[in-house]
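Note on naming: letters A, B, ... go to the chains in the order of the sequence lines (proteins, then strands), and numbering restarts at 1 for each one. The figures here come from the full heavy-atom set of this structure, side chains too, leaving out hydrogens, waters and symmetry mates.
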Amino acid sequence: MLAKTVHKFAATHARVAAHIRLLPATRSLGPSRFLSTTARPRAEAVTNHNIPTGSSAVAEQSGMMPIYLDAQATTPLDPRVLDAMMPYMTESYGNPHSRTHKYGWESEKAVDKAREQVASLIGAHPKEIIFTSGATEANNTAIKGVARFYKDKKNHIITSQTEHKCVLDSCRVLQEEGFEVTYLPVSKGGIISMNDLKEAIRPTTALVSIMAVNNEIGVLQNIKEIGKLCRERRVFFHTDGAQAAGKIPLDVNEMNIDLMSISGHKLYGPKGVGALYVRRRPRVRLEPIITGGGQERGLRSGTVPSSLVIGMGAAAALANRELEYDYAHVSKLAARLISGIQSRVSHVVRNGDPAHMFPGCVNLSFSFIEGESLLMALKNVALSSGSACTSASLEPSYVLRALGAEDDMAHSSIRFGLGRFTTESEVDYVVDNVEAHVNRLREMSPLWEMFQEGIDLKTIQWSQH
Amino acid sequence: MAGRTEILRLYRSSLRAAQQFETYNFRKYFYRRTRDRFHSASRLAEPQQIEQALQEAQAELQVMQRQGVLNKMFSHNRTALEVDPHYSSGARRGAALTDDDRRVEYEETLFY
Ligand SMILES: Cc1ncc(COP(=O)(O)O)c(C=O)c1O
C-alpha cells in the first residue's frame with residue numbers, strides 16, 4: 001500500500017519535472033531567442049549536462065548535498081588540477097611508452113614533468129618516483145617488495161598498531177609466508193615510543209614501516225627520529241605518507257626516508273593514482289608485485305595512466321606552492337571547530353596528542369552518545385567515525401582501541417576532516433548542528449541521566465549477552 | 001611593468017571569475033585565494049617579485065575562467081548550508097548575488 005503510494009507520487013513528480021523541462025524548449029521555438037548572439041547574459045550560454053534526468057531525477061531532486069567534512073577519506077579534485085588533466089583526457093591520448101610517434105612523445109614529456117613535480121614535493125629525485133594506482137598499491141609494493149627481496153638474509157618487519165589497513169594486511173600476508181612482524185604499541189596520544197622501536201630492531205629486521213600522519217586521529221609520528229634510528233641501524237624505513245604529503249613539509253633526505261607512499265586523491269588530485277618513492281642511494285631493492293612490460297623501472301609494469309599521473313603531478317605542484325597557505329587555513333578552522341564545540345558541549349574529548357597533530361583531522365569523542373547515532377543525526381554533514389573502510393561496520397575503531405580508549409569512548413568518536421575548500425561558515429554550521437544534536441541525544445540517553453544523578457557508570461554491573 | 005589600472009583590472013576580473021563557480025566550496029575558495037593573493041602581492045617591494053606574482057595571478061585567472069565554465073556545465077547540487085536561510089553568506093542566487101557583487105566592489109576599494 002505504502003509502496004504503491006510512493007510509486008504514484010514518484011510518477012507524478014517525474015511528469016511534473018518533465019513538464020517543467022519542456023517549457024523552455026517550447027518557448028525557444030519563438031523568434032530565434034536561443035540563436036541570437038546579442039544581449040544575452042553570458043551565463044546562459046552554458047548548458048548543464050549533469051542535471052538528473054529520467055527516473056533517477058525524482059530520487060535526486062532535492063539536489064541538496066551535506067557539507068563535506070571528510071577530507072581524510074578523499075579530497076575534491078581541485079579545478080586547477082582538472083585543468084591540467086583536460087588536454088590528456090581529450091586530444092593528447094598517446095601511450096607515454098610509445099617511442100615511435102608524437103602522440104607518445106607528448107604524453108611521455110608530460111609524465112616526466114609530473115614525476116618531477118611529485119619528486120620535488122618530497123625532496124626526491126624524479127627517477128626515484130614510481131607511479132602506482134594509489135597508496136594501497138604503493139604500501140603493498142613497498143612492504144611485500146622489500147621483505148621478499150631480502151628474504152634470504154632478513155625475516156623481520158616492524159610496524160605499528162595504528163597503521164592503515166593496507167599496511168597491516170600486507171604484514172599479515174607476509175606473516176603467512178613465514179616472516180615475523182612486530183606491531184608496536186602506541187601511547188595514549190597515539191605516538192610510538194622510540195625506545196620500543198630501538199628494542200624491536202633485530203639484526204634480521206628488513207623494514208620498519210611507520211605512517212607519517214594517521215588517517216583516523218591525525219597524529220603525526222616523529223618521522224625524523226625514526227628515520228635517523230633506522231639509518232644508524234641499517235634498516236630500511238618506509239612511511240605511509242598518504243595523509244601527510246602535500247599537507248606538511250616532508251623531505252626524504254632530511255628525514256632519512258627510504259620508501260614513501262603517496263595517494264593522488266588525498267591531495268586534491270584524481271583517484272586511482274599514487275606514487276611510491278624508492279631511494280636510489282643507498283639503493284633499496286624490491287621484488288615487484290606486478291610484472292609485465294617493465295614500465296616504471298620494472299617495479300610496476302602496466303601502461304602509466306598519463307592523464308591521472310599528470311593530475312597527480314599538478315596536484316603535487318599545487319600542494320607544494322599552497323602548503324603554507326592551506327596549513328594556516330586548516331589550522332584556523334580546526335581551532336574554530338574545537339573551541340566552538342568545547343565551549344558549547346560538555347564532556348568532549350579530542351583523541352590524539354595535540355602537540356603532534358596535523359590540524360586538519362579532528363577526532364572527538366562525545367561521552368554518553370553512540371558515534372553512529374550522532375552521525376545519523378548529523379545528516380547534513382558528511383562525516384565518518386573513522387576510516388572509510390571500516391565505516392560500514394559497527395566495530396569500534398582499532399586505532400582508538402590502540403590508544404587505550406575505553407570501548408564507550410571508541411564508540412562515541414567522530415572524525416571531522418577539514419581541507420583546502422572548507423569554509424568558516426561550514427564550520428559554524430557544523431558547530432551549531434553538533435551542539436543541537438548532542439544535547440538532544442543526551443536527553444534521550446539513560447547513561448547521561450545516570451551520570452547527571454551522580455552514579456559512577458564504572459560501578460555498574462552490565463549483564464552479559 | 002604592469003601599471004596600477006592594469007593590476008586593478010586583473011584583480012577585478014579574477015574576483016569575478018571566482019564568482020563564476022557554481023560549486024559553493026570552489027567559489028568561496030577561489031574568491032578567498034584571489035583576495036589573499038592580491039593583498040599579499042600589494043605588500044611586495046621587489047619589481048621582480050611583483051612581476052612574478054602578476055604572472056601567477058594571470059595564469060590563475062585563465063584557469064578560473066575555463067574551469068568556471070566547465071563547473072557550470074556539470075554542477076547540480078547545493079550544499080545544506082546554501083539552502084539554509086541562517087547562513088545566507090553561503091547563498092548564491094537572488095539577493096545574495098548582489099551581496100557578492102557588492103563585496104567585489106568593496107574589495108577593490110580596500111585594495112588601493
Ligand atoms: C594512511 C593511508 N594509507 C593508505 C590509504 C589508501 O590510499 P589509496 O586510496 O590511494 O589506495 C589511505 C586512504 O584510504 C590512508 O589514509
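Between the side chains of B:D36 and A:Y325, a donor-acceptor pair is found at a separation under 3.5 Å.
Annotation: the span from A:T423 atom OG1 to B:L81 atom CG amounts to 6.0 Å, rounded to 0.5 Å. Atom CZ of residue A:R321 and atom CD of residue B:E56 lie 4.0 Å apart, to the nearest 0.5 angstrom. If you take CD on B:Q62 and CZ on A:R80, they are separated by 14.5 Å, rounding to the nearest 0.5 Å. For the atom pair CZ of B:R33 and CD of A:E322, the computed distance is 4.0 Å after rounding to the nearest 0.5 Å. Atoms NE2 and OH, from A:H329 and B:Y29 in turn, are 9.0 Å apart once rounded to the nearest 0.5 Å. Within the model, atoms CG of A:D83 and CD of B:Q67 stand 4.5 Å from one another, a figure rounded to the nearest 0.5 Å.
Atom CD of B:Q49 is surrounded by more than 12 heavy atoms from other residues, nucleotides or ligands within 6.0 Å. Within 6.0 Å of the NZ atom in A:K113, the count of heavy atoms belonging to other residues, nucleotides or ligands does not exceed 12.
The shortest side-chain heavy-atom distance between B:N25 and A:E426 falls under the 4.5 Å cut-off.
Side-chain atoms of B:N77 never come within 3.5 Å of backbone atoms of A:M65 as a donor-acceptor pair (strictly under, hydrogens ignored).
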Chi angles and distances behind the side chain to side chain contact (heavy atoms under 4.5 Å, CB included) call for B:F26, A:D78: CA-CA 8 Å; B:F26 293 157; A:D78 192 301; over 6 Å; no
